[in-house]
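Quick notes on the structure that follows.
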Number of protein chains: 2
Amino acid sequence: MSDPTARLDEMLAKLRERHFRITPQRLAILETLAVSDGHPSVESVFAEVRKKFPTTSLATVYKTITLLKELNEVLELGFSDGSNRYDGSKPTPHPHMICTRCKKIIDPDLTSLEQLTREASQKTGFKIVTQRLDFFGICPECLQEKTSG
Amino acid sequence: MSDPTARLDEMLAKLRERHFRITPQRLAILETLAVSDGHPSVESVFAEVRKKFPTTSLATVYKTITLLKELNEVLELGFSDGSNRYDGSKPTPHPHMICTRCKKIIDPDLTSLEQLTREASQKTGFKIVTQRLDFFGICPECLQEKTSG
DNA sequence: TCTTAAAAGATAATTATTATCGATTAGGAT
DNA sequence: ATCCTAATCGATAATAATTATCTTTTAAGA
């Protein structure tokens, strides 16, 4: 995992560079995204920010996350059932391992992804801009549990 | 691409096996999904089926596709913006190349995916059940076009 | 301190999907 | 071939995540 403080500084630098304002609510949202390594949802970011600023609106969280997406400072993991998750600590596209039992999401370090991307580009003639790779399964912790539920 | 007639027969066999009814509307939906190699949306399936049966409801299309998903006879390519697409001709998980300009989706044949999956499983301890891999970029046809738009 | 455009907050609108429910019908039984 | 009944259809309401709207507040440069 990367350094949360450094990530926060990067985000702030990007906002200042583009002359976006650093509001207290925005700062709280950035902090939450930079610190958490658990790929939080909009709702959980909202809940976290509300602890500091109880009047924060859900719309503010959405607007800030949309802005961060445009600045490539947060990675959106969209799912078609609406359970979107966000990665602020490592905002460039990378593979994810998703446990379908406990919903945990972790980042594997896969050396052979580069090779696969080359193969895809060569075989199809596509100019590849970005990619999305998710593995779904059961994490080691859940595998060890005797009872399912 | 696989044989549409064979795919349709497979789908029908699966429905009969589980004692689901073969209604004219369902048959039309299955045919559309088995024939099309362009990864259609719910709306385009709906439009196609309406040509034969103008009273078909959108709900019927949704219900049939949901059923086919449960039977593993159609692959859902869900996107968080709601632009979901469906693959009835090759219903097992496989990589996709998605052109962000013309929205075309094609199926590459990638030999090194198996190796990548092994690497992911070994490095994380996950028992991998399924996966989703999308490459986003510009297809060869769009690359050749002089003007963008 | 002043000014003003950006952002916040509250809420309405949008949109894909799901649920509901009365009407219709596929397909097995007779 | 006809009957019966649960499955399915069709129409529409409900749901839920996200986006739009609009008034009030405020960050930050002058």
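Below, chains carry the letters A, B, ... as their sequence lines are ordered, and counting in each starts from 1. Only this structure's heavy atoms are used, side chains among them; waters, hydrogens and symmetry mates stay out.
Look at T23(B) and you'll find a side-chain N or O under 4.0 angstrom from OP1 or OP2 of dC9(D). For the OP1/OP2 pair of dA16(C) and a distance below 4.0 Å, the side-chain nitrogens and oxygens of N84(B) include no atom meeting the criterion. Phosphate contact (OP1/OP2 of dC9(D), side-chain N/O of S57(B), threshold under 4.0 Å): absent. Note on Y62(A): every side-chain N or O is 4.0 Å or more away from OP1 and OP2 of dT19(D). Distances shorter than 4.0 Å separate none of the side-chain N or O atoms of Q25(B) from OP1 or OP2 on dA26(C).
If you take CG of L30(A) and P of dA8(C), they are 11 Å apart, rounded to a whole angstrom. When the C1' atom of dT17(C) is taken as reference, atom CD1 of I65(B) falls 12 Å away, rounded to whole Å.
No hydrogens or angles were tested; on distance alone, a donor-acceptor pair under 3.5 Å links the side chain of R21(B) to the base of dA7(D).
Checking P108(B), P95(B), S112(B) one by one against L116(A), the side-chain contact (heavy atoms from CB on, under 4.5 Å) holds for a single residue, S112(B).
Projected onto DNA chain C by closest heavy-atom contact, G82(B) and T64(A) fall at different nucleotides, the more 5' of which corresponds to T64(A). Between R26(B) and A59(B), the residue whose closest nucleotide on DNA chain D is further toward the 5' end is R26(B). Between L58(B) and S80(B), the residue anchored closer to the 5' end of DNA chain D is L58(B), taking for each the nucleotide with the nearest heavy atom.
Proximity note for V42(A) (side chain, C-beta onward) versus dG10(D), dG9(C), dT18(D): the nearest is dT18(D). Set against dT25(C), dG9(C), dT18(D), the side chain of T60(A) has dG9(C) as its closest nucleotide.
Heavy atoms of P54(B) sit nowhere under 4.0 angstrom from any nucleic acid atom.
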